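Shown next, in structure tokens, is the structure this report addresses.
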Amino acid sequence: MDSVECRYYQRLDDGVVECLLCPHHCRIANGRVGRCRSRRNHDGVLFSEVYSKPCSLAIDPIEKKPLYHFHSGTTCLSLACTGCNFRCLNCQNHDISQAAPDDVDYYDLTPEQVVGLCLRHHCPGIAYTYTEPLTYVEYVIDCARMAREKGLWNILVTAGYVCQEPLSDLLPFLDAANIDLKSFSDDIYQRVSGGRLQPVLDTILAMKEAGVWIELTNLIIPSVNDDMDMIRCMCRWLIENGLAEAPLHFSRFFPRYKMLDFEPTPVQTLRTARQMALDEGLRHVYLGNV
């Protein structure tokens, strides 16, 4: 399928467009792409160049997302297109998240075909995952709408960096999400991922308000975001905002991408964080990558 016009942008002067999908609000000149690499300005019209072009497909156990309290023991069809609006120095999927659409092989799959594939393999749901699915939100919404019509679940695995209008268009079709809460520091978000904390918190609260099942992942990186006082503040924020029952996954860091000179997270650091989170009042705390 050819490129599909994006739904969230506005035209500016001199053929420039402003993308309204995420808080970066990229201003994109003719012929150029935004920060996510997958949305291009063609003569004053912004197009998604990954619509119906997933670069990765797999059948996964739902626990891999990770979702531990949402239909455990089942599988999901996992789907990803290239692109991400973050620049995480530790990205484990940088070969597709930090790639342009033409840099990797892809399938041609319309939303109808994605749903059909899910049904043929007897998967009860679709997970939009591996990269940042909100950067190809038009495709996700269209797939999710058709999946819902067929009684399938829709699962989002996301860093949550999105504006409220596109998020609100997706929420009616979303059943569950794992949100990567990278730290509880705006400075760390900017230095390590190239984004801000508050929009992620806004996404978490919007999903909670919409009744989406939420689980959260916090990857603990030694000397970066392993300060226990900061982690305690994060846990208290979750509790104060009615998320004491939301499972929290503390995940172990291993050297990746541009952080190869860092050591893996000591398992004891994760155990300390888990006990502190439980002591603060979170009900379900797990360790990942251990």
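Everything numeric in this text was worked out from a predicted model, so none of it was measured.
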Legend entry - Minimum-distance pair of heavy atoms, taken over all atoms of Cys88 and Tyr257: O-CD2, 3.4 Å
Legend entry - Glu209, CD: over 12 other non-hydrogen atoms inside 6.0 angstrom: no
Legend entry - Name of the residue among Glu49, Glu132, Glu138 meeting salt bridge (Lys or Arg N to Asp or Glu O under 4.0 Å) with Arg39: Glu138
Inset, instruction - Could you check if a side-chain atom of Trp213 sits within less than 4.5 angstrom of a side-chain atom of Pro247, using non-hydrogen atoms only? - result: yes
Legend entry - Atom CG of Asp14 with >12 non-hydrogen neighbours under 6.0 angstrom: no
Legend entry - Test item: Asp103 and Arg37 side chains (from C-beta on) under 4.5 Å apart, heavy atoms: no
Legend entry - Verdict with reasoning, Cys6 to Leu21, per side-chain contact (heavy atoms from CB on, under 4.5 Å): CA-CA 9 Å; Cys6 296; Leu21 177 61; over 6 Å; no
Inset, instruction - For the pair Asp279 and Arg232, find out whether any cationic side-chain nitrogen is under 4.0 Å from an anionic carboxylate oxygen. - result: no
Legend entry - Donor-acceptor under 3.5 Å (Ser48 side chain, Tyr136 main chain): no
Inset, instruction - Please determine, by modelled atom types, if His69 and Glu215 share a side-chain donor-acceptor pair under 3.5 angstrom. - result: no
Inset, instruction - Using atom types as modelled and distance alone, determine if a side-chain donor or acceptor of His24 lies under 3.5 Å from a backbone N or O of Asn85. - result: yes
Legend entry - Flag, side chain of Arg148 to backbone of Pro172, donor-acceptor distance under 3.5 Å: yes
Legend entry - Joint hydrophobic cluster, Val114 plus Tyr130, side-chain heavy atoms closer than 4.5 Å: no
Inset, instruction - Could you pull out the closest heavy-atom pair between Gly160 and Leu134, with the gap in Å? - result: CA-CD1, 4.1 Å
Legend entry - Minimum side-chain heavy-atom gap Leu201-Phe184 below 4.5 Å: yes
Inset, instruction - Looking only at non-hydrogen atoms, find the nearest pair between Cys118 and Leu152 and report the distance. - result: SG-CD1, 3.9 Å
Legend entry - Polar side-chain atom of Arg252 near backbone of Pro264 as donor-acceptor pair, under 3.5 Å: no
Inset, instruction - Assess whether atom CZ of Arg191 is packed by more than 12 heavy atoms of other residues, nucleotides or ligands within 6.0 Å. - result: yes
Inset, instruction - Examine distances only and state if a side-chain atom of Asn225 and a backbone atom of Lys182 form a donor-acceptor pair shorter than 3.5 Å. - result: yes
Legend entry - Contact check, side chains of Val115 and Pro111, non-hydrogen atoms, under 4.5 Å: no
Legend entry - Heavy-atom donor-acceptor pair, Asn90 side chain to Met259 backbone, under 3.5 Å: no
Legend entry - Over all atoms of both residues, closest heavy-atom pair of Ile28 and Cys19: CD1-CB, 4.3 Å
Legend entry - Closest heavy-atom pair and its distance - Leu197, Ser183: CD1-O, 3.6 Å
Inset, instruction - State whether the number of non-hydrogen atoms from other residues, nucleotides or ligands found under 6.0 Å of Gln10 atom CD is greater than 12. - result: yes
Legend entry - Other residues, nucleotides, ligands: >12 heavy atoms within 6.0 Å of Asp105 CG: no
Inset, instruction - Answer with yes or no whether the hydrophobic clustering places Leu287 together with Ile231; edges join I, L, V, M, F, W, Y residues whose side-chain heavy atoms lie under 4.5 Å apart. - result: yes
Legend entry - Flag side-chain contact, heavy atom, 4.5 Å: Tyr68 against His284: no
Legend entry - Expected output: side-chain Gln98 to main-chain Cys84 donor-acceptor under 3.5 Å: no
Legend entry - Under 3.5 Å side-chain donor-acceptor pair for Asp60 and Ser78: yes
Legend entry - Whether over 12 other heavy atoms sit under 6.0 Å from Glu5 CD: yes
Inset, instruction - Answer yes or no: is there a side-chain heavy-atom contact under 4.5 Å between Ile204 and Trp237? - result: yes
Inset, instruction - Spell out, yes or no, whether Tyr161 and Val33 are grouped together once hydrophobic residues are joined by side-chain heavy atoms under 4.5 Å, including indirect joins. - result: no
Inset, instruction - For residues Tyr189 and Asp187, determine if any side-chain heavy atom of one lies less than 4.5 Å from a side-chain heavy atom of the other. - result: no
Inset, instruction - Would you check if the side chain of Arg256 reaches a backbone N or O of His94 as a donor-acceptor pair within less than 3.5 Å? - result: no
Inset, instruction - Identify the heavy atoms of Pro255 and Phe262 that sit nearest to each other, and give their distance. - result: CG-O, 3.0 Å
Inset, instruction - Output, in order, the C-alpha distance, side-chain angles, deciding distance and verdict of side chain to side chain donor-acceptor pair (under 3.5 Å) for Asn178 and Thr217. - result: CA-CA 7 Å; Asn178 185 290; Thr217 296; 2.9 Å; yes
Legend entry - Validation row: Tyr128, Asn154 side chains within 4.5 angstrom (heavy atoms): yes
Inset, instruction - State plainly whether one hydrophobic cluster holds both Val50 and Met146, where clusters connect Ile, Leu, Val, Met, Phe, Trp and Tyr through side-chain heavy atoms under 4.5 angstrom apart. - result: yes
